[in-house]
Amino acid sequence: MKNYLVSYIFSNIADMLEIKGENFFKIRAYRKAARAISNLPEDVEALVETSSLAGIEGIGKALEEKIKEIVNTGTCEYYERLKEEVPAALVEMLKVPGLGAKKIRTIYERLNITTIEELEQAAKQHRLRGLPGIGVKTEQGILKGIAMLKGTMGKMLLPTAIFLAEEIISMLKSHPAVEKVEVAGDLRRRQDLIEELEIVVSSKVPEEAIAGLLSYPRIKEVRERNNDTLKVLLDLGIEANFHVVEPETFWPSVHFLTGNEEHRKKLQEIARGKGYDLRRDCIVQKENGEILYPESEEKIYEMLGMPYIIPELREDRGEIEAGMAGRLPRSIEIGDIKGDLHVHSNWSDGMNTIEEIALRARDRGYEYIAITDHSKSLKIARGLDEERLFEQIELIKKLNEKIEGIRILCGIEVDILSNDLLDFDDDVLERLDIVIASIHSGFNQDREKLTRRVLNAIYNPYVNVIAHPTGRILTKREPYDIDIDAVLEAAAETNTVLEINSTPDRLDLNDRLARKAKEKGVKIVINTDAHELEGLNDMKYGVWVARRAWLEKEDVINTRALPHLMEMLRQKRK
DNA sequence: GCTGTTATCAGCCCGGCGCTCTAGCGCCG
């Protein structure tokens with residue numbers, strides 16, 4: 001499956017062209033193609049073989065040729081040439097908020113700065129201010145941006161981590177020296193950002209298993225190698241650690257490497273109290289020195305006198321105490337979700353028709369789907385004005401008569417404007433089944449102003465949901481400065497629901513805030529915010545956040561059957 | 001770069017905000 005590689009190279013090309021100041025539409029073509037390839041349900045290699053790339057919208061002759069080249073050789077000449085021309089760190093600088101291609105070019109040309117470290121030094125020494133278009137504030141903003149970037153550098157979003165882990169696992173499963181293989185670490189606990197991949201492999205012939213691992217084509221550099229471990233750097237700049245263990249030590253090892261460390265330490269304390277020593281690869285009965293190899297993680301928890309704790313909860317946030325007391329949550333599952341309440345169609349910036357979305361939702365087994373396009377102020381997203389919204393409502397009525405087995409709800413993602421108002425008046429919002437409100441502008445306003453904007457939306461009787469409530473974009477943008485406690489209190493008071501947005505780089509609310517919301521009595525909705533059909537598959541990411549947040553089915557409104565859901569939505573208006 | 005179209009080319013997503021050479025540019029959603 002080379003879809004990821006093609007998409008990675010194309011978006012890199014787009015970044016480099018941007019730095020070079022190339023034609024905007026050419027850059028957009030590469031970005032669009034990168035997205036199209038990464039969203040393909042089928043394998044790009046198969047499409048190359050059957051010469052069916054031309055059927056994909058946004059892929060013309062030139063890009064088709066490049067895709068073929070990448071599939072066959074792992075790269076393309078154009079990309080390699082660009083890499084020689086544009087220093088890699090300049091591309092990295094695009095990730096610094098407030099720093100765009102023009103300013104990067106100026107900094108490069110005037111000061112010959114080619115690394116993030118040099119950029120940071122120059123900013124600290126006040127050498128950036130004074131360059132054309134850069135003053136004190138921009139310089140300070142760059143320093144702040146670098147600090148954020150450093151915190152997430154080398155970390156990957158869940159889809160990347162999962163893609164790589166699945167690729168590795170499927171390769172290893174067919175290797176004769178490998179018995180079992182399982183992912184551990186942060187990824188198994190479904191953290192929002194993953195620093196390193198931890199893969200546990202069981203084998204009776206570890207040297208052969210290691211040799212098999214070394215044939216993984218993505219390995220760029222071997223950083224550490226001994227009899228049973230291999231630490232490598234992969235071609236996407238990501239570190240992976242392989243742990244080869246004896247078959248009987250497999251599950252204790254998976255448990256140990258899943259962590260997290262605090263969870264493990266606390267379990268160790270409990271184990272000691274029960275006469276056990278919890279080791280990296282086994283459990284030792286201290287009294288007689290007997291070595292035990294539990295055959296599953298369930299057995300490990302059972303020996304310690306508690307029910308199984310799912311990896312998502314293993315953070316030492318009270319799960320062990322809850323387990324001992326028999327008060328662990330009955331964690332929500334993906335199968336509990338009965339519909340998606342935040343989806344964009346091609347009426348605004350989505351890719352698909354409402355009918356296509358409804359049919360796909362039905363295929364997923366949903367009972368309902370809400371179409372929530374952007375409102376008029378969000379011009380770039382072709383936000384709907386009143387007239388188009390009313391037309392959309394009429395269309396949805398007709399589609400509901402035509403399509404069996406799924407109910408389409410009329411909704412809107414109404415902008416919370418910079419001036420505190422909503423983008424539509426109440427008499428418009430009143431006509432909708434569901435109203436989602438969110439901020440798309442003025443992120444840098446002060447805490448008081450931002451909080452007031454959200455509170456105004458919450459106190460509006462027609463606003464059911466606040467979407468992506470903190471506005472963070474993982475690896476790109478910090479959450480905006482908002483008094484989240486005030487937001488939670490107002491939401492609880494008014495029966496306003498807060499969203500866990502499942503887009504992998506949002507995951508907003510995050511696990512901690514979603515748990516806090518539950519504790520305050522705020523209901524949650526898990527939505528994808530999908531802009532294309534494949535985006536509906538992102539629901540799992542939001543469910544993982546909810547599981548990490550200790551949420552149960554009852555805490556989440558889109559686990560309800562349609563009549564109950566509608567009743568909950570209408571409750572706000574009373 | 002692609003698409004639609006048939007011309008070997010035109011059109012392709014806009015507009016607010018914040019910053020800086022304070023009128024216009026760059027960044028962003």
Side-chain angles (χ1 to χ4, degrees), chain A residues 6-7 9-37 53-67 76 78-79 82 93-107 110 128-142 144-145 344 346-351 373-385 413-419 421 423 438-446 449-450 453 467-468 471-473 476-478 480 501 503 505-506 508 529 531:
Chain A
V6 173
S7 163
I9 290 178
F10 278 4
S11 62
N12 253 302
I13 289 177
D15 286 346
M16 291 193 274
L17 293 177
E18 210 173 327
I19 305 257
K20 282 184 60 164
E22 276 272 5
N23 177 299
F24 165 76
F25 295 103
K26 182 172 171 177
I27 297 166
R28 207 179 59 178
Y30 275 97
R31 291 213 195 284
K32 194 177 166 194
R35 210 174 42 237
I37 298 292
L53 282 168
I56 304 167
E57 167 132 9
I59 309 282
K61 261 230 141 349
L63 291 182
E64 184 180 355
E65 285 309 311
K66 289 192 178 75
I67 293 171
C76 69
Y78 183 54
Y79 177 49
L82 278 172
M93 283 181 204
L94 276 177
K95 292 184 187 155
V96 178
L99 205 48
K102 274 245 165 81
K103 288 202 175 96
I104 292 172
R105 217 162 47 236
T106 305
I107 292 168
R110 299 282 184 119
L128 299 182
R129 60 180 74 171
L131 292 178
I134 300 177
V136 177
K137 291 217 169 172
T138 307
E139 193 176 69
Q140 287 167 345
I142 289 173
K144 209 172 141 196
H344 297 273
N346 63 357
W347 283 61
S348 66
D349 59 347
M351 306 295 285
D373 278 310
H374 290 289
S375 61
K376 62 189 178 210
S377 284
L378 208 62
K379 302 281 181 194
I380 193 174
R382 297 197 314 124
L384 273 57
D385 59 16
E413 181 178 12
V414 64
D415 246 64
I416 302 173
L417 303 174
S418 298
N419 62 7
L421 296 174
D423 206 10
S438 64
I439 286 186
H440 291 101
S441 60
F443 308 109
N444 294 322
Q445 289 176 339
D446 62 47
K449 179 108 175 92
L450 273 161
R453 286 166 72 189
H468 41 77
R472 75 164 178 180
I473 307 282
K476 290 200 184 78
R477 192 172 73 204
E478 297 283 4
Y480 38 65
N501 189 294
T503 312
D505 63 355
R506 283 195 182 270
D508 177 13
D529 196 358
H531 286 72

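In what follows, chains are A, B, ... by sequence order, proteins preceding strands, each numbered from 1.
- You'll find that the side chain of A:Leu63 is closest to B:dG1, out of B:dC14, B:dG1, B:dT20.
- If you check every strand for non-hydrogen atoms under 4.0 Å, A:Leu99 touches sugar and phosphate atoms only.
- If you check every strand for non-hydrogen atoms under 4.0 Å, A:Ser418 touches sugar and phosphate atoms only.
- Using a 30° and 60° split on the angle between ring planes, A:His440 and A:His374 fall in the perpendicular class, above 60°.
- If you find the closest nucleotide of DNA chain B to A:Asp349 and to A:Val96, the one lying nearer the 5' end belongs to A:Asp349.
- The shortest non-hydrogen separation linking A:Arg477 to A:Gly471 is NH2-O, 2.7 Å.
- Spacing between B:dT6 and B:dG1 at atom P, rounded to whole Å, works out to 25 Å.
- In this structure, A:Lys376 places its NZ atom 15 Å from P of B:dG15, rounding to the nearest Å.
- Among the protein residues, A:Lys61 comes within range of the sugar-phosphate backbone only, with heavy atoms under 4.0 Å from sugar or phosphate atoms but none that close to a base.
- A:Lys66 comes within 4.0 angstrom of the backbone, heavy atoms only, and of no base.
- Classification of A:Arg31 and A:Asp15 as a salt-bridged pair holds, one side-chain N sitting under 4.0 Å from a carboxylate O.
- Proximity note for A:Lys379 (side chain, C-beta onward) versus B:dC19, B:dC14, B:dC27: the nearest is B:dC14.
- Among all heavy-atom pairs drawn from A:Ala33 and A:Leu63, the shortest one is CB-CD1, 3.6 Å.
- The nucleotide whose nearest atom lies closest to any side-chain atom of A:Tyr30 is, among B:dC28, B:dG1, B:dC17, B:dG1.
- Heavy atoms of A:Arg477 sit under 4.0 angstrom from primed sugar atoms or phosphate atoms, though from no base atom.
- An OP1 or OP2 oxygen of B:dG1 is reached within less than 4.0 angstrom by a side-chain nitrogen or oxygen of A:Lys26.
- If you take atom P in B:dT20 and the same atom in B:dC27, they sit 12 Å apart, rounded to whole Å.
- One can place NE2 of A:His344 at 16 Å from C1' of B:dC13, the figure rounded to the nearest angstrom.
- If you check every strand for non-hydrogen atoms under 4.0 Å, A:Ile134 touches sugar and phosphate atoms only.
- Across all strands shown, A:Thr138 has heavy atoms under 4.0 Å from sugar-phosphate atoms exclusively, and none from any base.
- Nucleic acid contact for A:Ile380: base, since at least one base atom lies under 4.0 Å from a heavy atom of the residue.
- Ring pair A:Phe10/A:Tyr30 is perpendicular by interplanar angle, where above 60° counts as perpendicular and below 30° as parallel.
- Contact between the side-chain N/O atoms of A:Arg28 and the OP1/OP2 oxygens of B:dC13 is found at a separation under 4.0 Å.
- A distance of about 30 Å separates the P atoms of B:dG16 and B:dA10, rounded to the whole Å.
- Spacing between B:dT3 and B:dC13 at atom C1', rounded to whole Å, works out to 16 Å.
- Among the protein residues, A:Phe443 comes within range of the sugar-phosphate backbone only, with heavy atoms under 4.0 Å from sugar or phosphate atoms but none that close to a base.
- When distances run from any side-chain atom of A:Pro97 to the nucleotides B:dC12, B:dC2, B:dC28, the shortest one goes to B:dC28.
- Side-chain contact check for A:Ser377 and A:Asp415: no donor-acceptor pair (N or O, by modelled atom type) lies under 3.5 Å.
- Taking for each of A:Ile104 and A:Pro132 the nucleotide of DNA chain B with the nearest heavy atom, the 5'-most of the two is the partner of A:Pro132.
- For the pair A:Thr106 and A:Pro132, the tightest heavy-atom approach, listed with the atom from each and the gap, is CG2-CD, 3.9 Å.
- Taking atom CD1 of A:Ile473 as the reference point, atom P of B:dG29 lies 7 Å away to the nearest angstrom.
- A distance of about 14 Å separates the C1' atoms of B:dT5 and B:dC12, rounded to the whole Å.
- Of the candidates B:dC17, B:dC27, B:dC19, B:dC27 carries the atom nearest the A:Lys102 side chain, counting heavy atoms from C-beta on.
- With both ends at atom P, the span from B:dC28 to B:dA23 equals 25 Å, rounded to whole Å.
- Between the C1' atoms of B:dC14 and B:dC9, the separation comes to 25 Å (whole Å).
- Looking at heavy-atom distances under 4.0 Å, A:Ala101 makes contact with sugar-phosphate atoms alone, never a base.
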